[in-house]
Number of protein chains: 2
Amino acid sequence: MMVSTKGRYALTVMVDLARNEGDGYVSLSDIAERENLSMKYLESIISILNKGGMLMSLRGKNGGYKLAREPKDYNISEILLLTEGTLAPVNCIMQEGVQCEKAATCSTLPLWAGLDKAIEGYLSAITLEDIITGNRKKMLGDYCESCAPDGKAE
Amino acid sequence: MMVSTKGRYALTVMVDLARNEGDGYVSLSDIAERENLSMKYLESIISILNKGGMLMSLRGKNGGYKLAREPKDYNISEILLLTEGTLAPVNCIMQEGVQCEKAATCSTLPLWAGLDKAIEGYLSAITLEDIITGNRKKMLGDYCESCAPDGKAE
DNA sequence: ATAAATCCTACTCTGTTAGTAGGAATATGT
DNA sequence: ACATATTCCTACTAACAGAGTAGGATTTAT
């Protein structure tokens, strides 16, 4: 598994915030209740988003969080990268030039590098706004089987 | 991390077998020595490949393994799927119609489904032969930064 | 002052990963 | 027949990561 609940919930939080933008600062307890997730756990996740500059926060009564930018200005890759640490599909692909010592002769490395690129490419092309507006074409292509398990196209 | 050493070593084994095809059956100890991996661990991995019909095996002295088909007739997706169990990037995407109960209303599901599709698409387009022959264009596209960490294109 | 919120540190429980260990079954060469 | 080289099979273990929980300190609006 590449994306844990941490990254998934982080995205859920971002989507929830985007949907409730107008309301000023949104409290974590509201988000946790709406999304039916543990508030304590979300706390640790939203803290990463906040420190990473994705959010603005206000402490004290009536405090909470809101998006630092507009939904269209977040891509999914950056949200997941921040919370997960890496999106690399294998250990041999690591950040910034750090390489396996066999890299020069490894015949499978180009495969992993290519897979990494494919993942990065997909995720960085999609914005938070695409998710809010349900831009299925962008996310799934023209037709998505996995969305129609009963055999009917949507 | 989506692909563990299990899947990675499985691919390494397949590549090693493809490279040493002419020699009839190849023993596990030869592979382990060449690839510098624990033979005992490889044993458990190659057993999965064998039971999954990817290999032919011969017991006893001079025994070993060889590919059941030609390298061009294996795609990477099937090798990894067999050994890893799943390639799904998240828990909400599972096999054959099994779905999260919130699936119908989940706004992030299309993203995960699309990512899964992108991964599957990439991996199933590449064959074992592509790896043997070092088909970088197919694996990496026209230019690969991660292959030239010193800043020079190859 | 009180209540409602973020912020911070530390802990725990569980499952997965990455192996290791030991031996049984099978085939070959001498 | 026998020693040897191999696959095959079951079980075990140590370390790490994932998924939270717990408790309280700090800040701000009313």
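Small disclaimer: the values here were computed from a predicted structure and weren't measured. By convention in this document, chain letters (A, B, ...) are assigned in the order of the sequence lines, proteins followed by strands, and residues within each chain are numbered from 1.
- Taking CG from A:Asn135 and CD1 from A:Ile126, the interatomic distance works out to 8.0 Å, rounded to the nearest 0.5 Å.
- Rounded to an integer number of Å, the gap from NZ of A:Lys66 to P of C:dA5 is 17 Å.
- Contact check of residues 27-36 of chain B against DNA chain D (heavy atom, cut-off under 4.0 Å) returns B:Ser27, B:Leu28.
- Note on A:Asn50: every side-chain N or O is 4.0 Å or more away from OP1 and OP2 of C:dT6.
- Residue A:Leu58 is not grouped with residue A:Leu55 when hydrophobic side chains (ILVMFWY) are merged at heavy-atom distances under 4.5 angstrom, including chains of intermediate members.
- Rounded to whole Å, atom C1' of C:dA18 lies 9 Å from atom CD1 of B:Ile45.
- Proximity of a side-chain donor or acceptor of A:Tyr9 to a complementary backbone N or O of A:Ile46 within less than 3.5 Å is not detected.
- Interatomic distance, A:Ile79 CD1 to A:Ile48 CD1, rounded to the nearest 0.5 Å: 13.0 Å.
- Evaluation of the salt bridge (charged side-chain N to carboxylate O under 4.0 Å, His left out) rule for A:Asp116 yields no partner, not counting sequence neighbours.
- Counting distance only, with no hydrogens placed and no angle test, the side-chain atoms of A:Arg59 and the base atoms of C:dT6 include a donor-acceptor pair under 3.5 Å.
- Note on B:Ser4: every side-chain N or O is 4.0 Å or more away from OP1 and OP2 of C:dT16.
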Exercise for the section: Assign a letter to each nucleotide of nucleotides 9-14 of chain D from its 5' end: B, base within under 4.0 Å of a protein heavy atom; S, sugar-phosphate only; -, no contact. Expected result: B-----
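- Residue whose closest nucleotide on DNA chain C sits further toward the 5' end, between A:Ile46 and B:Lys6: A:Ile46.
- Rounded to whole angstrom, the span from the OH atom of A:Tyr65 across to the C1' atom of C:dA5 amounts to 9 Å.
- Per the geometry, CG belonging to B:Leu55 stands 14 Å off C1' belonging to D:dC8, to the nearest Å.
- Shown here are the side chain to side chain donor-acceptor pair (under 3.5 Å) partners of A:Ser29, two or more places apart in sequence or in another chain: A:Ser27.
- Within the structure, a side-chain polar atom (N or O) of A:Asn62 is placed less than 4.0 Å from OP1 or OP2 of D:dT30.
- Distance CE (A:Met39) to C1' (C:dC7): 11 Å, rounded to an integer number of Å.
- The cluster map of Ile, Leu, Val, Met, Phe, Trp and Tyr, joined by side-chain heavy atoms under 4.5 Å apart, puts B:Leu128 and B:Leu81 in the same cluster.
- Distance from the side chain of B:Lys61 is smallest for C:dA27 among the nucleotides C:dA27, D:dA29, D:dT26.
- Going from atom OH of B:Tyr41 over to atom P of D:dT7 covers 18 Å, rounded to whole Å.
- Rounded to a whole Å, the CG atom of A:Leu42 is 17 Å from the P atom of D:dG18.
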Which pairs of donor and acceptor atoms, one on a side chain in residues 65-78 of chain B, lie under 3.5 Å apart (sequence neighbours left out)?
{"residue": "B:Arg69", "atom": "NH1", "partner": "B:Asp73", "partner atom": "O", "Å": "2.8"}
{"residue": "B:Arg69", "atom": "NH1", "partner": "B:Glu78", "partner atom": "OE1", "Å": "3.4"}
{"residue": "B:Arg69", "atom": "NH1", "partner": "B:Glu78", "partner atom": "OE2", "Å": "3.0"}
{"residue": "B:Arg69", "atom": "NH2", "partner": "B:Glu78", "partner atom": "OE1", "Å": "3.4"}
{"residue": "B:Tyr74", "atom": "OH", "partner": "B:Met54", "partner atom": "O", "Å": "2.6"}
{"residue": "B:Tyr74", "atom": "OH", "partner": "B:Ala68", "partner atom": "N", "Å": "2.9"}
{"residue": "B:Tyr74", "atom": "OH", "partner": "B:Arg69", "partner atom": "N", "Å": "3.0"}
{"residue": "B:Asn75", "atom": "OD1", "partner": "B:Ser77", "partner atom": "N", "Å": "3.0"}
{"residue": "B:Asn75", "atom": "OD1", "partner": "B:Glu78", "partner atom": "N", "Å": "3.1"}
{"residue": "B:Ser77", "atom": "OG", "partner": "B:Glu120", "partner atom": "OE1", "Å": "3.3"}
{"residue": "B:Ser77", "atom": "OG", "partner": "B:Glu120", "partner atom": "OE2", "Å": "3.1"}
{"residue": "B:Glu78", "atom": "OE2", "partner": "B:Asn75", "partner atom": "N", "Å": "2.9"}

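- Between the CG atom of B:Asn91 and the P atom of D:dG18 there is a distance of 12 Å, given to the nearest Å.
- Note on B:Leu58: only backbone sugar-phosphate atoms sit closer than 4.0 angstrom, heavy atoms only; bases stay farther off.
- Here the straight-line distance linking atom CG of A:Leu49 with atom CG of A:Leu42 works out to 10.0 Å at 0.5 Å rounding.
- Taking the side chain of A:Ser38 as heavy atoms from C-beta on, and the options D:dT26, D:dT21, D:dT28, the nearest nucleotide is D:dT21.
- Of the side-chain N and O atoms in B:Thr5, one or more sit less than 4.0 angstrom from OP1 or OP2 of C:dA18.
- Residue B:Tyr25 places no side-chain N or O under 4.0 Å from the OP1 or OP2 atom of C:dA27.
- Residues satisfying the side chain to side chain donor-acceptor pair (under 3.5 Å) criterion with B:Asn20, sequence neighbours excluded, are B:Asp16.
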